[in-house]
Amino acid sequence: FAAAFTPAATATIASNYLWRGVTQSDNHPTAQTTFSLFSSWGPYVEVFGSNVDFPDANGKTATTEVDVFGGIKKDFDKVTLDTWYSRYSY
């Protein structure tokens, strides 16, 4: 079963973490990683992590972002169906 999944990983160092034009790292450098598992028969899961620097919902400073994505993706001739779940945590 485990051999049916293909792992992948990326690492990035950037001068600023921008999301939709808004800095997530208070204009400071950021380190980011992504770990993924994909299968040829549809299911996948990804985990993204990054340092951040902004006030969170509790009035404290958020310093870490961890995002988890999972779903099932299937190709049907000229149509692709992708159903997923995502969770963003700070």
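What you see below is based on every heavy atom in this structure, not just the backbone, and it leaves out hydrogens, waters and symmetry mates. In this chain, residues are counted from 1 in sequence order. These numbers come from a predicted model, not from an experiment.
Separating the CD atom in E65 from the CZ atom in F54 is a distance of 6.5 Å, to the nearest 0.5 Å. Note: S39 OG to K73 NZ = 11.5 Å, rounded to the nearest 0.5 Å. In this structure, D67 CG and S89 OG are separated by 7.5 Å, a value rounded to the nearest 0.5 Å.
Around the CG atom of L81, the shell of radius 6.0 Å holds more than 12 heavy atoms that belong to other residues, nucleotides or ligands.
Taking the six-membered ring for Trp, F48 and F69 have ring centres at least 6.0 Å apart.
A donor-acceptor contact closer than 3.5 angstrom links the side chains of Y44 and D82. A donor and an acceptor atom, one from each side chain of Q32 and T12, are nowhere located under 3.5 Å apart.
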Please report the C-alpha distance between T33 and T10 in whole Å, then the side-chain angles of each, then the deciding distance to 0.1 Å, and finally whether the side chain to side chain contact (heavy atoms under 4.5 Å, CB included) criterion is met. CA-CA 6 Å; T33 59; T10 61; over 6 Å; no

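Proximity of F35 to E46: side-chain heavy atoms (C-beta onward) are nowhere separated by under 4.5 Å. Using a 4.5 Å heavy-atom cutoff, the side chains of L37 and T6 are not in contact. Residues N27 and S25 form no side-chain contact, since every pair of their non-hydrogen atoms from C-beta on lies 4.5 Å or further apart.
Listed for the D75 side chain is no donor-acceptor partner under 3.5 Å among the backbone atoms of T80.
Of the listed residues (L18, D53, T30), just one forms a side chain to side chain contact (heavy atoms under 4.5 Å, CB included) with T23, and that residue is L18.
Heavy atoms only, all atoms of each residue included: N51 and P29 are closest at ND2-O, 3.4 Å.
Grouping the Ile, Leu, Val, Met, Phe, Trp and Tyr side chains by contacts below 4.5 angstrom, directly or via other members, places Y88 apart from W84.
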